[in-house]
Amino acid sequence: GAVTIDFNTTDWTQKGEYYYYNTKLAPGASTEYLFEKVTFNGLMDNRYQNAEITVDVTAYATQVANNGSTALEAAGWPG
């Protein structure tokens with residue numbers, strides 16, 4: 001593709017269009033980055049010179065207590 005995002009598949013699991021953090025998060029703690037770099041394919045022609053990309057990220061959360069052992073088992077995700 002024209003654009004590649006280096007998704008962190010060690011700390012995050014993808015299911016459908018969503019990524020789920022693999023471990024419980026302590027109060028006040030932060031997740032590992034979902035991604036750190038977006039790369040444009042070097043074969044793209046001059047129409048893309050000085051191009052920029054915007055990546056919109058929407059975050060949801062559920063309580064850890066009584067929600068199974070993985071993020072994929074957790075209840076309370078939006079429909």
When rounded to the nearest 0.5 Å, the distance separating CH2 of Trp12 from CD of Glu32 is 9.5 Å
Residues at least two apart in sequence or cross-chain that pass side-chain hydrogen bond (donor to acceptor under 3.5 Å, both in side chains) with Asp6, listed by chain then number, are none
Tabulate below the donor-acceptor pairs under 3.5 Å that side-chain atoms of residues 44-56 make, not counting sequence neighbours, or state none.
unit_1	atom_1	unit_2	atom_2	d
Asp45	OD1	Arg47	N	3.0
Asp45	OD1	Arg47	NE	3.0
Asp45	OD2	Arg47	NE	3.1
Asp45	OD2	Arg47	NH2	3.0

Rounded to the nearest 0.5 Å, the OH atom of Tyr21 sits from the OG1 atom of Thr13 at a distance of 11.0 Å
| task | Flag yes if more than 12 heavy atoms outside Tyr33 fall under 6.0 Å of its OH atom; otherwise flag no. | result | no
I'd like to know if Tyr19 and Tyr60 are part of one continuous hydrophobic network [Ile/Leu/Val/Met/Phe/Trp/Tyr, side-chain heavy atoms within less than 4.5 Å]. no
Parallel, tilted or perpendicular: which one describes the rings of Phe7 and Phe35, with boundaries at 30° and 60°? perpendicular
Rounded to the nearest 0.5 Å, the CG atom of Asp11 sits from the OG1 atom of Thr31 at a distance of 8.5 Å
